[in-house]
Amino acid sequence: MAHAPAPVLTIDGPSGSGKGTISRLVAEKLGWRMLDSGALYRAVGYAAGAEGIDLSDEGAVTRCAQHVKIRFQASPDGGETHVLVNGHDATDELRTETAGAAASAIAVIPAVRQALVDLQLAFRKAPGLVADGRDMGTVIFPDAAFKVFLTASAGERAKRRYKQLKDKGLSVTLVGLQREIEARDARDASRPVAPLKPAEGAVVIDTTGMPIEVVVAKVFAVVRP
Ligand code: DC
């Protein structure tokens with residue numbers, strides 16, 4: 001007899017909406033696995049750059065997406081998960097705004113998105129999966145039982161990213177960040193394939209001015225009311 005597929009909670013939303021932090025905390029609370037799909041697009045952009053590929057060369061970027069080896073490695077001390085791209089620990093490089101912009105640029109290529117589908121589906125294992133991204137509830141796991149769309153004002157999202165990047169010792173300006181975030185959102189939301197938008201039936205939560213614990217409680221309640 002076939003087993004029912006493991007339950008999935010999809011958490012989609014624009015950059016800086018708190019998806020990453022919230023997904024990790026809710027996954028921990030549920031004891032479920034987590035998929036950071038943005039890291040896959042960042043890894044492809046990074047690998048392509050490292051191979052000297054022009055990001056507008058769709059064929060070359062697609063071949064790179066089809067062959068790149070991406071591995072998530074849990075930190076032994078319970079710290080952040082490391083991302084290995086073709087064997088190189090690229091965790092630090094992947095979190096920069098440059099990597100985010102490269103990811104957003106290659107994410108418009110349909111064949112690149114297609115190349116990453118099976119990898120994402122393979123994360124769905126018992127006891128469950130929290131999937132963080134832009135198209136988790138609309139394209140990758142349309143049958144997910146639980147769907148959330150997190151949002152926040154562009155000003156607040158820029159402030160959060162600013163704090164995150166500063167804490168990590170990166171040099172950024174608030175004005176520059178807000179501009180980059182708005183440009184990235186516009187591209188992610190207007191692309192013809194898998195644009196950023198709330199999935200049908202998703203619970204939309206505007207997190208502007210909301211403390212993290214409150215957002216976690218609201219998202220957790222979607223799965224365990
Ligand atoms: O979530 P993030 O900032 O790490 O994502 C980086 C970029 O990757 C984002 O601007 C668009 C792309 N992306 C995507 O197209 N689909 C996803 N499911 C996740 C990310």
Side-chain angles (χ1 to χ4, degrees), residues 8-24 27 34-49 55 58 61-62 64-65 68 70 72 80-83 85 90-124 129-142 144 147-152 154 157-158 160-162 164-165 168 170 172 177-199 202 207:
V8 179
L9 162 64
T10 60
I11 304 186
D12 289 307
S15 41
S17 57
K19 280 175 303 135
T21 309
I22 303 300
S23 299
R24 187 170 43 76
M34 192 191 146
L35 164 63
D36 171 5
S37 61
L40 302 179
Y41 290 93
R42 285 171 186 257
V44 171
Y46 170 81
L55 296 188
E58 299 200 357
V61 177
T62 300
C64 176
V68 65
I70 307 167
F72 291 94
E80 80 175 316
T81 300
H82 283 238
V83 190
V85 182
T91 314
D92 290 339
E93 291 101 318
L94 294 191
R95 67 164 87 89
T96 62
E97 277 307 297
T98 311
S104 169
I106 58 101
V108 302
I109 306 170
V112 166
R113 307 196 69 84
Q114 191 54 42
L116 297 176
V117 170
D118 288 345
L119 193 57
Q120 296 177 82
L121 295 179
F123 275 77
R124 184 175 196 168
L129 175 69
V130 177
D132 158 357
R134 304 290 188 293
D135 63 342
M136 299 294 96
T138 50
V139 176
I140 304 296
F141 301 108
K147 297 184 182 183
V148 168
F149 190 86
L150 290 185
T151 178
R157 292 188 286 113
R160 288 182 191 162
R161 287 291 288 156
Y162 179 77
Q164 250 178 14
L165 296 173
K168 286 175 176 150
L170 294 162
V172 280
L177 258 185
Q178 178 152 349
R179 243 195 328 257
E180 277 167 15
I181 282 183
E182 282 169 351
R184 184 134 73 92
D185 289 349
R187 180 164 46 198
D188 293 347
S190 65
R191 67 182 176 217
V193 182
L196 169 68
K197 63 167 188 213
T207 68

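Indexing begins at 1, ligand by ligand and atom by atom, following the structure's order. Positions are given from 1 along the sequence. The structure displayed is predicted, hence computed values, not measured ones.
In this structure, Arg187 has no heavy atom closer than 4.0 Å to ligand 1. Ligand 1 is approached by Arg113 to a heavy-atom distance shorter than 4.0 Å.
Between Glu97 and Arg184 there is a salt bridge, since at least one side-chain N of the basic residue sits less than 4.0 Å from a carboxylate O of the acidic one.
Remark: side-chain polar atoms of Asp12 are paired, donor with acceptor, to backbone N or O of Gly137 under 3.5 angstrom. A distance-only check finds no donor-acceptor pair linking the side chain of Arg134 to the backbone of Leu196 [under 3.5 Å].
Taking a cut-off of under 4.0 Å to the non-hydrogen atoms of Ala107, the atoms of ligand 1 that pass are 12 (C), 15 (O). Within the listing of ligand 1, atoms 18 (N) sit less than 4.0 angstrom from a heavy atom of Met136. For ligand 1 and Asp188, the ligand atoms under 4.0 Å from any heavy atom of the residue are 9 (C), 10 (O), 11 (C). Listed by number with element, the atoms of ligand 1 under 4.0 angstrom from any heavy atom of Lys19 are 1 (O).
Remark: minimum distance from atom 7 (C) of ligand 1 to any protein heavy atom is reached at Ala103 CB, 3.6 Å. Considering only non-hydrogen protein atoms, atom 5 (O) of ligand 1 sits nearest to Arg134 NH2, 3.5 Å. In terms of protein heavy-atom proximity, atom 19 (C) of ligand 1 is nearest to Ser37 OG, 3.5 Å. Counting only heavy atoms of the protein, atom 4 (O) of ligand 1 lies nearest to Arg42 NE, 2.6 Å.
The only option from Lys197, Lys147, Arg191, Arg113 that meets the salt bridge (Lys or Arg N to Asp or Glu O under 4.0 Å) definition with Asp135 turns out to be Arg113.
Only the side chain of Arg184 comes within 4.0 Å of ligand 1, judged by heavy-atom distances. Within the 4.0 Å heavy-atom criterion, neither part of Glu97 lies near ligand 1.
Annotation for Gln114: atom CD does not count as buried by contact number, only 12 or fewer foreign heavy atoms lying within 6.0 Å.
In terms of N/O distances under 3.5 Å, ligand 1 is not approached by Asp36. Here's the thing with Arg191: one of its N/O atoms is less than 3.5 angstrom from an N/O atom of ligand 1.
When the options Val112, Val193, Asp135, Ile181 are ranked by their closest heavy atom to atom 18 (N) of ligand 1, first place goes to Asp135.
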